[in-house]
Amino acid sequence: MELKKFIRDIPDFPEKGIIFRDITPLLKDAEAFKFSIDSLSEKLKDIDFDIIVAPEARGFIFGGALSYKLNKGLVPVRKPGKLPYKVISEKYSLEYGEAELQMHIDAISKGQKVIIFDDVLATGGTALSLKKLVEKSGGEVVAMSFLIELSYLNPRKILSNDKIISLIVY
Ligand SMILES: O=P(O)(O)OC[C@H]1O[C@H](OP(=O)(O)OP(=O)(O)O)[C@H](O)[C@@H]1O
Ligand SMILES: Nc1ncnc2[nH]cnc12
């Protein structure tokens, strides 16, 4: 299935000069959504790992479905002030600004093998901050996976030692 036809390009959103890759057409198409999850699961199924870490908000959609499909737990990483227990935080920059993510201090146990999942890999800032949160907790990131990779932004440069698995590459 040609998944790119379910991704809509929105120029100048949320800022001038950004081409926003809108996944909502893919999500509302049952076959395309299912095909995305099945294809990603196929790529990840032979990796030895314990748990998926995914960030708010679009990361939850895919992270949740993949956790179910691969029979693994899910750690939700959230924007500040949303998680109810004690948190660790990371500030970072992304394609269109600055942000901060938080994870519960007891979400990852020492030595746990983690796959980071997000919908879009753009500059890699979000993925790097997720990795820092996992490593601060004593976990090990064994792979990072994405529905969409924007290779023209060179995200692999700052993630040079990581195994990166993307389904759709621009
Ligand atoms: O590689 P980067 O340059 O860091 O960009 C990628 C991130 O940007 C988007 O998240 P956003 O913070 O816009 O949040 P959302 O999922 O809540 O829309 C996207 O879902 C990724 O998490
Ligand atoms: N160009 C883009 N489209 C959609 N999500 C993004 N997250 C960061 N950059 C993005």
Side-chain angles (χ1 to χ4, degrees), residues 2-29 32-33 36-37 39-40 43-44 51-68 74-84 87-104 107-108 114-137 139 141-170:
E2 180 48 84
L3 285 176
K4 274 188 184 166
K5 67 175 201 258
F6 295 97
I7 293 163
R8 178 166 58 178
D9 289 353
I10 313 278
D12 300 325
F13 181 89
E15 289 172 7
K16 201 160 173 47
I18 306 282
I19 303 169
F20 193 86
R21 312 292 177 174
D22 176 18
I23 58 166
T24 61
L26 183 149
L27 293 173
K28 74 174 181 181
D29 187 287
F33 188 23
S36 306
I37 296 298
S39 307
L40 285 162
K43 285 178 181 283
L44 301 178
I51 199 154
I52 293 177
V53 168
E56 180 176 351
R58 284 171 276 152
F60 288 0
I61 301 168
F62 293 90
L66 275 171
S67 292
Y68 179 82
L74 176 72
V75 171
V77 174
R78 300 212 60 181
K79 310 250 157 100
K82 295 289 185 180
L83 286 170
V87 296
I88 52 173
S89 304
E90 272 298 326
K91 291 204 169 80
Y92 63 100
S93 38
L94 72 163
E95 197 188 358
Y96 35 73
E98 305 285 310
E100 184 177 346
L101 285 173
Q102 298 184 329
M103 186 173 83
H104 273 152
I108 298 291
V114 171
I115 290 184
I116 285 171
F117 193 87
D118 204 356
D119 66 325
V120 176
L121 175 63
T123 63
T126 306
L128 188 62
S129 80
L130 292 168
K131 185 180 174 184
K132 287 180 182 163
L133 289 171
V134 169
E135 290 180 346
K136 269 187 194 170
S137 308
V141 176
V142 294
M144 296 182 174
S145 181
F146 306 90
L147 177 73
I148 297 168
E149 175 175 345
L150 305 181
S151 65
Y152 53 86
L153 295 173
N154 291 318
R156 290 182 187 239
K157 204 169 160 194
I158 59 166
L159 304 170
S160 53
N161 295 320
D162 296 289
K163 183 180 173 68
I164 297 173
I165 298 163
S166 308
L167 195 58
I168 305 163
V169 179
Y170 287 88

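Keep in mind that what you see is a predicted model, and the values were worked out from it rather than measured. When a ligand or atom number is given, it counts from 1 through the structure's own listing order.
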**Q** Checking a contact table here: which protein heavy atom is nearest atom 5 (N) of ligand 2, and how many Å away?
**A** R58 NH1, 3.0 Å
**Q** State plainly whether the residues E56 and R78 are in salt-bridge range, i.e. N to O under 4.0 Å.
**A** yes
**Q** Decide whether an N or O pair under 3.5 Å exists between A127 and ligand 1.
**A**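 N/O-N/O distance under 3.5 Å: no.
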**Q** Can you tell me how far CG of L128 sits from CD1 of I158, rounded to the nearest 0.5 angstrom?
**A** 5.0 Å
**Q** Any N/O of L121 closer than 3.5 Å to an N/O of ligand 1?
**A** no
**Q** Between ligand 2 and I18, is the shortest N or O to N or O distance under 3.5 Å?
**A** no
**Q** Below 4.0 Å from any atom of ligand 1, is there a heavy atom belonging to A99?
**A**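 A99: no contact with ligand 1 (<4.0 Å).
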**Q** Please state which protein non-hydrogen atom is closest to atom 3 (N) of ligand 2 and give its distance, to 0.1 Å?
**A** R21 N, 2.9 Å
**Q** Under the 6.0 Å and 45° cation-pi test, does K4 pair with Y170?
**A**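 That pair qualifies as a cation-pi contact.
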**Q** Which protein non-hydrogen atom lies closest to atom 10 (O) of ligand 1, naming both residue and atom, and how far is it?
**A** R58 NH2, 3.6 Å
**Q** For atom 13 (O) of ligand 1, what's the nearest protein heavy-atom neighbour? Residue, atom name and distance, please.
**A** Y96 OH, 2.6 Å
**Q** Give the residue, atom name and distance (to 0.1 Å) of the protein heavy atom nearest atom 17 (O) of ligand 1.
**A** K79 NZ, 2.8 Å
**Q** Determine, stepwise, if the pair F33 / F62 fulfils ring pair (Phe, Tyr, Trp, His ring centres under 6.0 Å).
**A** CA-CA 9 Å; F33 188 23; F62 293 90; 5.6 Å; yes
**Q** About how many Å separate NZ of K132 and CD of E135, when rounded to the nearest 0.5 Å?
**A** 9.5 Å
**Q** Ligand 1 versus T126, non-hydrogen atoms closer than 4.0 Å: side chain, backbone, both, neither?
**A** both
**Q** Nearest 0.5 Å, what's the CG-OG distance between L83 and S89?
**A** 9.5 Å
**Q** Could you tell me which atoms of ligand 2, counted from 1 in the order shown, lie closer than 4.0 angstrom to a heavy atom of L150?
**A**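 The atoms of ligand 2 under 4.0 Å from a heavy atom of L150 are 1 (N), 2 (C).
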**Q** For E56, which part has a heavy atom under 4.0 Å from ligand 1: side chain, backbone, both, or neither?
**A** backbone
**Q** Quick one about S129 and E90 (side-chain donor to acceptor, distance below 3.5 Å, no hydrogens or angles considered), yes or no?
**A**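 No pair is found: no donor N or O on one side chain lies under 3.5 Å from an acceptor on the other.
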**Q** Identify, for atom 6 (C) of ligand 1, the protein heavy atom at the shortest distance, and state residue, atom and that distance.
**A** V120 O, 3.3 Å
**Q** Considering non-hydrogen atoms of the protein only, which is the closest contact for atom 6 (C) of ligand 2, and what is the distance?
**A** Y96 OH, 3.5 Å
**Q** So does T24 get a backbone contact from the side chain of D22, meaning a donor-acceptor N/O pair under 3.5 Å?
**A**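 Yes; judged by distance alone, with no hydrogens or angles, the pair exists.
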**Q** For ligand 1, find out whether one of its N or O atoms is nearer than 3.5 Å to an N or O atom of Y92.
**A** no
**Q** For atom 21 (C) of ligand 1, what is the nearest protein heavy atom, given as residue, atom name and distance?
**A**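 Sorting protein heavy atoms by distance from atom 21 (C) of ligand 1 puts D118 OD2, 3.0 Å first.
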**Q** Taking only heavy atoms of A57 into account, list the atoms of ligand 1 that are under 4.0 Å away from them.
**A**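 Ligand 1 atoms under the 4.0 Å threshold to A57: 15 (P), 16 (O), 17 (O).
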**Q** Does this structure show an ion pair linking R58 with D118, if we count only N-O contacts that are shorter than 4.0 Å?
**A** no
**Q** To the nearest 0.5 Å, tell me how far I88 CD1 sits from L133 CG.
**A**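 Here the rounded value is 5.0 Å.
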**Q** Please report the shortest heavy-atom distance between K79 and A57, naming the atom on each side.
**A** NZ-N, 4.4 Å
**Q** What's the shortest distance from atom 10 (C) of ligand 2 to any protein heavy atom, and which residue and atom give it?
**A** E95 OE1, 3.2 Å
**Q** Within a distance under 4.0 Å of any heavy atom of A122, pick out the atoms of ligand 2 and give their elements.
**A** 8 (C), 9 (N)
**Q** Can you list the atoms of ligand 1 that are under 4.0 Å from a heavy atom of E95?
**A** 3 (O)
**Q** Enter the distance from L130:CG to I116:CD1 here, rounded to the nearest 0.5 Å.
**A**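 Output value for this atom pair is 5.0 Å.
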**Q** Under 4.0 Å from a heavy atom of D119: give me the atoms of ligand 1 that qualify, with their elements.
**A** 19 (C), 20 (O), 21 (C)
**Q** Side chains of F146 and I165: closer than 4.5 Å at any heavy-atom pair?
**A** no
**Q** Keeping N154 on the side-chain end and K157 on the backbone end, is there a donor-acceptor pair under 3.5 Å?
**A** no
**Q** Where on L94 is there a heavy atom closer than 4.0 Å to ligand 1, on the side chain, on the backbone, on both, or on neither?
**A**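 Under 4.0 Å from ligand 1, L94 contributes backbone and side-chain atoms.
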**Q** Give the atom numbers and elements of ligand 1 that come within less than 4.0 Å of a heavy atom of T123.
**A** 1 (O), 2 (P), 3 (O), 4 (O)
**Q** Tell me which protein heavy atom sits closest to atom 5 (O) of ligand 1, plus the residue, atom name and distance to 0.1 Å.
**A**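 The answer is A122 CB, 3.6 Å.
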**Q** Mark the output for L94 as yes if a heavy-atom distance to ligand 2 is under 4.0 Å, and as no if none is.
**A** no
**Q** Taking the side chain as C-beta and beyond, is there a heavy-atom pair between V142 and K163 under 4.5 Å?
**A** no
